[in-house]
Amino acid sequence: MPSRSEVTYFGAGPAALPTPILESATLALLNYNNTGVGLAEHSHRSPLAAEVLNSTKDSLRSLLSVPDTHEILFMQGGGTGEFAAVVYNLVGVWVERRRRKAEAELVATGVKKEDVDTKVLERLKQEIAEELKLDYLVTGSWSLKASQEAVRLLGKDRVNIATDARTVSADGKFNTIPPEASWNLTSTKAEGGKGPAAFVYYCDNETVDGVEFPGFPERLAEGAGEEDEERLVIADMSSNILSRKVDVGRFAVIFAGAQKNVGLTGLTLLLIRRSLLPPHTPIPAPTLLHSLSLPVPPAILSYPIISSASSLYNTIPIFDVWVAGQVISSLLSRFGDLKVSGQEEVADSKARLLYAALERWEGVYRIVVQDKRVRSRMNICFRVNPGDEAEKAFLKGAEERGLLALKGHRSVGGIRISNYNAVSYEGAEKLSTYIDDFADAATAKAGST
Ligand SMILES: Cc1ncc(COP(=O)(O)O)c(C=O)c1O
């Protein structure tokens, strides 16, 4: 049986965790801070748990330079839970903003006080029927799933697929990001429409397909500043959070399952603009949502409810929060003032090394994403020529060298290198050497036949 130091684990999530953190975690599980009780046993309402929660939040705020305009929440339900949560919550924000506006306008036009509620309801019903849209940029399997969840919750008429990368790729698969100018976003008033969609959603890094946005899409910044014209941008950063600098202020919501770059499965990080929460934006009353035939968020997925309970609405996995806190604070101590940019440099250099190795052997390997601008630094997907048998041989040889979990996602096949933060530069070097050795042997074999 190999030891941890003999293998490099390239799993796509759950993913490798730093060994020193796992070592302290085993102690924390048994007896946390000399309390005689393990951290997973302590009450989530104890002062000790509050301290874990607050220090993890503070470290994350510092590492990612999260501005005061944004609140950090710890949620449960993973990325998949957030596919639903963003729909419930941001539709709630849309309804509340529209309700407030309708009420103010009706009062200003002299509608009698006792008639206002009925008229507001009528107007909201009409606006929902004609104007409520959610925009999705579908660039891979995860944004596709998120858009399908929105259709499930609200119906297909409300979901606008502003772009689907499969329609522009040569083979009808996900391997590119269509140009921003081609996105069919719901129009703002300035563009001649009735106001932007309730949100625009995208997945910053598509884990299955190996496509990553190079940066914040400038097209989404249009209209920023004015409340009813602004595009509320939501990003799923489950597979690239903590791997590069992010201008958090530009996003309405960022979410990420912890199990790739941050820690253990079971915890979800959420960064949300405070102005979308009470008191600035009150929660629409459930009775109003019932009357409008819109879904009411389950309490466990409601951002205002989780926020008002400081992420302690129900039994949060404090041990998971602690592990995340350890990972985040170890990045802070390693990179100092560079913060997450320090880790970005490491992630980029590992990705460069691996892509360069694959590119050296064009006849042997085919990188799935040909457009270099949108190649993921986190999930490097490629095929081995001539096909299945060669891929099996590649995986077998890799395992023999302790290079594990390189099989592509079952829906797309091929090979996938997940280059998350806990994969060391040395581990990437070992893999790069193996990529060369395998190709060298395959080329020699082909030459001799
Ligand atoms: C980008 C992305 N979003 C969402 C998910 C779904 O996350 P979960 O399994 O935590 O629900 C994944 C899972 O790998 C993912 O990679």
Side-chain angles (χ1 to χ4, degrees), residues 9-17 73-89 136-153 164-165 174-175 177 199-214 217 233-244 246 251 253-271 298 300-301 306 316-317 320-321 323-324 327 347 351 368-369 374-381 405-414 416-423:
Y9 185 65
F10 295 96
L17 281 161
L73 303 180
F74 298 113
M75 309 275 296
Q76 297 173 71
T80 308
E82 291 308 313
F83 296 167
V86 293
V87 173
Y88 288 126
N89 286 284
Y136 281 81
L137 308 178
V138 174
T139 57
S141 313
W142 288 113
S143 48
L144 176 64
K145 276 214 159 148
S147 69
Q148 289 165 341
E149 182 68 345
V151 169
R152 215 170 63 79
L153 291 172
D164 182 330
F174 289 120
N175 50 36
I177 297 178
F199 60 75
V200 187
Y201 179 105
Y202 74 95
C203 177
D204 207 30
N205 181 69
E206 288 284 1
T207 322
V208 171
D209 311 280
V211 173
E212 186 174 22
F213 277 79
V233 179
I234 297 185
D236 173 0
M237 296 196 185
S238 292
S239 49
N240 64 352
I241 196 151
L242 309 194
S243 77
R244 69 177 178 188
V246 178
F251 294 86
V253 172
I254 294 173
F255 69 82
Q259 67 270 25
K260 300 170 201 294
N261 271 330
V262 189
L264 301 177
T265 312
L267 183 72
T268 315
L269 306 184
L270 193 99
L271 309 179
I300 189 69
L301 293 182
I306 301 299
I316 184 117
D320 285 21
V321 178
V323 171
V327 168
V368 171
V369 177
V374 301
R375 273 184 185 165
S376 169
R377 302 156 312 121
M378 293 285 106
N379 306 99
I380 299 166
C381 300
L406 288 164
K407 199 168 193 278
H409 190 269
R410 61 187 183 286
S411 62
V412 292
R416 168 173 59 175
I417 307 169
S418 292
N419 172 34
Y420 299 137
N421 289 354
V423 170

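Quantities reported herein were computed from a predicted structural model and do not represent experimental measurements. Counting convention: from 1, in listed order, for ligands and their atoms alike.
Remark: Arg375 pairs with Glu359 by the salt bridge (charged side-chain N to carboxylate O under 4.0 Å, His left out) rule, at least two apart or across chains.
Checked against the 6.0 Å centroid criterion, the rings of Phe83 and Tyr88 do not qualify as a close aromatic pair.
A side-chain N or O of Ser141 and one of Asp209 form a donor-acceptor pair less than 3.5 Å apart. Side-chain contact check for Asn379 and Tyr420: at least one donor-acceptor pair (N or O, by modelled atom type) lies under 3.5 Å.
Near ligand 1, residues Gly78, Gly79, Thr80, Phe83, Trp142, Cys203, Asn205, Thr207, Asp236, Ser238, Ser239, Gln259, Lys260 each place a heavy atom inside the 4.0 Å sphere around the ligand atoms.
The two residues Gly257 and Ser238 make their nearest non-hydrogen contact at N-OG, 3.2 Å.
Of the possible polar contacts, one joining the Ser239 side chain to the Asn205 backbone as a donor-acceptor pair under 3.5 Å is found.
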